[in-house]
Amino acid sequence: MGSAAGLQRTAQYLGAITASGLIGLLYGERASDSGLHAIALIGVVLGLLLLALTLADRSLRAGATGTGTGTRTRTRTRTSD
């Protein structure tokens, strides 16, 4: 559980750094409506990209094994000779 918390905190820091960089880049010296609209557009595009990646992830489909390898184990049946 400790490594998951560390990964979550790292993702939080990277998100904060990215957000502050975008705000500084798009607002510049003064906040404006056009900068806000650009930030909103970037947020929508990133949201759609994440949605597309989630929908394309085959391991999330019903019946997935949950191992992440995409392989299923087969059970052998004995046949009498």
Side-chain angles (χ1 to χ4, degrees):
M1 188 180 305
S3 62
L7 289 173
Q8 189 271 335
R9 182 65 68 176
T10 301
Q12 186 178 10
Y13 288 147
L14 289 175
I17 291 168
T18 304
S20 64
L22 278 176
I23 290 170
L25 180 69
L26 295 174
Y27 278 164
E29 294 293 319
R30 183 169 288 208
S32 64
D33 286 343
S34 64
L36 180 64
H37 292 154
I39 289 173
L41 180 64
I42 290 171
V44 168
V45 168
L46 289 175
L48 290 173
L49 177 67
L50 289 174
L51 178 64
L53 288 173
T54 302
L55 292 174
D57 190 354
R58 297 180 67 177
S59 67
L60 297 176
R61 295 194 178 140
T65 60
T67 60
T69 60
T71 60
R72 293 179 186 245
T73 58
R74 294 183 183 175
T75 57
R76 294 184 184 191
T77 57
R78 293 185 117 180
T79 58
S80 59
D81 291 304

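Side-chain atoms are counted along with the backbone in the values below, which use heavy atoms only and exclude waters and symmetry mates. Here, residue 1 is the first one in the sequence, and each next residue gets the next number.
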Starting from the C-alpha separation in whole Å, work towards a yes-or-no answer on side-chain contact (heavy atoms from CB on, under 4.5 Å) for L14 and T10. CA-CA 6 Å; L14 289 175; T10 301; 4.3 Å; yes

Counting only heavy atoms not in R58, do more than 12 fall under 6.0 Å of its CZ? no

I42 vs L46 side-chain heavy atoms within contact, under 4.5 Å: yes

Side chains of L41 and H37 in contact at under 4.5 Å (non-hydrogen atoms): no

Quick one, L60 with L55, criterion side-chain contact (heavy atoms from CB on, under 4.5 Å). Give me CA distance, side-chain angles, the key distance, then yes/no. CA-CA 8 Å; L60 297 176; L55 292 174; over 6 Å; no

Testing L36, I39, T18 one by one against I23 for a side chain to side chain contact (heavy atoms under 4.5 Å, CB included), which residue passes? I39

